[in-house]
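Computed from a predicted model, the values in this text were never measured in an experiment. Quick note: residue numbers are just sequence positions, from 1.
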Amino acid sequence: MTDFNRSVLPDAVRSNGATPNPWWANAVVYQIYPRSFQDTNGDGIGDLKGITSRLDYLADLGVDVLWLSPVYRSPQDDNGYDISDYQDIDPLFGTLDDMDELLAEAHRRGLKIVMDLVVNHTSDEHAWFQASRDKDDPHADWYWWRPARPGHEPGTPGAEPNRWGSYFGGSAWQYDPKRGEYYLHQFSRKQPDLNWENPEVRKAVYRMMNWWMDRGIDGFRMDVITLISKHLDSHGRLPGEVDSELSEGEIGEEGYTDASPFCSDGPRLDEFLAEMRREVFEGREGYMNVGEAPGITPERNEFITDPAHKELDMLFLFDHVGVDQEGSKWNTVPFEVRNLRARLADQQEAVRNAGWASLFFCNHDQPRVVSRWGDDSDRESRELSAKAFGMLLHMHRGTPYIYEGEELGMTNAHFTKLDQYRDLEAINAYRQRVEEARCQSPESMMAALALIGRDNSRTPMQWDASRYAGFTAADAATEPWIGVNPNHVEINAAEEFDDPDSVYGFYKKLIAMRHGNATVATGEWNLLAADDEQVYAFTRTSGDDTILVVVNLTDRSAGLPGEVAELLGDGVAESQILLSTYDVAHGVKSIARGELARWEGVVIQL
């Protein structure tokens, strides 16, 4: 369906610098977290058949691409981001036949399928890792193995090769008695890092990727792909290893040094990504590849996504979703409009001449934006702030990503007890910061988890007002794997589907604008009122066509910035209002009196 709704951008319109324009330049991506989307067999966990059963809903919404979080075979230590077999489907989600059926049914509706791929690391149960535990096996150096520090008993505190900390708490090194050495894991101890310096590792990864592409998928979203190249000294040693020429930096409040400066955007990243492009994607058409990019600056994003460099189509940058954090992820600070605007402006400016931007506020690793930066305290505030942040995001230049339930205005889980959480990161962080390092109080940590913990986005999709929100049968013998948000009685797809004024109806309009308006899709982006404390305003321009976007991102009224008022002169007619978070008449009156209501956003044709 969406193939027919989305117009082809003419070559006269510039997108990322490629000619012809790529098909995804005016597309919208919808992320599905399969575990939480739709359960069809009553085991409390979503599955592939569940996704297939909801394709008509997604086609009606109007999205073009479905990005599936991992469904490969996995021990599920990190909810599937620890892969034990890249070429099989985990029985939790179904079978390869179910995957083929999903592909066929999605393609029949004009929807593309992009699979999440994790190749910075595997599960420790993957056959490659199990083989690498033998020093004489051909896979022996497929991972980052290192001996204990001289003079220390292997496996005891202080014997680790360096003092790097894991992103999931504790040391980034795990001792393996069978091999008698430590292996590096930037994340869980069950997620050992692959050694991309070894060409055999890269060849195996590319063979696997080609196998999936040949099977009919439409591309990959690559998890933490910018961590695959590590900084090494001239002798191949990591920072902080004995005799290494590179220092690992200072020890932080949790008792470890930070690995990210040495594992993010490493010296061979461009080489590896260009090689992947040649070995997997060259000669194919209709695909899309996007990389999750911790440690990547907007300027580097321009280089990597510039089609002339033949690396990736898009990257997910994270500087804008860190504006309410200071130092540690778990040290939260109040949201300020000017900080978000500054980060997004940097991203937009960096791809002004080449490259492309990914637009997102929510995903499986981020909380619900309506709770994080908006106001979910009552229905009106929730709907208005959900629309305001939706408008802001989708009117920028780039490819928008919608996370399941975002189109309904779904909120954070509002958990109050640690045993309600399922996320390894959250549970480990509490233990590390509160119980071991004692650098954060229990109350402060629980507040941080409630605001930005990853499980906030992982509660079951809210389809209807029934017992389990329609995610699984109301009389299912097994409860959902994680608690259903009690507010599903008010916030659900059945309630919003036929209501044009709902958050769902608003998102349909945003998607239709992206499909049908070349200025929205690819027009130049120019910031206005860069210092305003409440209003985020910018223009989108293509030739003689100019659109003004002005959004009040606060829960109180805001005066129109002077630059915006000057552009609008004597006001606007109803025919000029392309979209409003309230209604057209309200938008006209607000502009006339020079004041936006709380969470009011207006898109105006100049």
Spatial distance of atom CZ (Arg300) from atom OG1 (Thr305) [nearest 0.5 Å]: 10.5 Å
Whether [Y] and [X] form a salt bridge (side-chain N of Lys/Arg under 4.0 Å from carboxylate O of Asp/Glu) is what I want to check.
| X | Y | value |
| --- | --- | --- |
| Arg54 | Glu404 | no |
| Arg284 | Asp218 | no |
| Asp78 | Lys190 | no |
| Arg215 | Asp100 | yes |
| Lys49 | Asp98 | yes |
| Glu105 | Arg109 | yes |

Any luck finding a side-chain donor-acceptor pair between [X] and [Y] under 3.5 Å?
| X | Y | answer |
| --- | --- | --- |
| Gln31 | Ser69 | yes |
| Trp481 | Ser36 | yes |
| Asp39 | Tyr468 | no |
| Tyr206 | Glu275 | yes |
| Tyr57 | Glu407 | yes |
| Tyr287 | Asp313 | no |
| Arg431 | Asn428 | yes |

Name the orientation class of the two ring planes belonging to Trp24 and Trp356 (parallel below 30°, tilted from 30 to 60°, perpendicular beyond 60°). tilted
How about Leu317 and Ser358: do any of their side-chain heavy atoms sit closer than 4.5 Å? no
Can you list the steps and then say if Asp376 with Arg382 is a salt bridge (charged side-chain N to carboxylate O under 4.0 Å, His left out)? CA-CA 4 Å; Asp376 65 3; Arg382 177 184 61 81; over 6 Å; no
Could you work out, with side-chain contact (heavy atoms from CB on, under 4.5 Å) as the rule, every residue matching Ser74, not counting sequence neighbours? Gln76, Asp82, Asp90
Using side-chain contact (heavy atoms from CB on, under 4.5 Å) as the criterion, list what pairs up with His488, not counting sequence neighbours. Gln462, Ala469, Val484
Asp265 (side chain) donor-acceptor with Leu269 (main chain) under 3.5 angstrom: no
Pair His394-Tyr507, ring-ring contact (aromatic ring centres under 6.0 Å, His included): steps then yes or no: CA-CA 9 Å; His394 284 250; Tyr507 267 77; 5.4 Å; yes
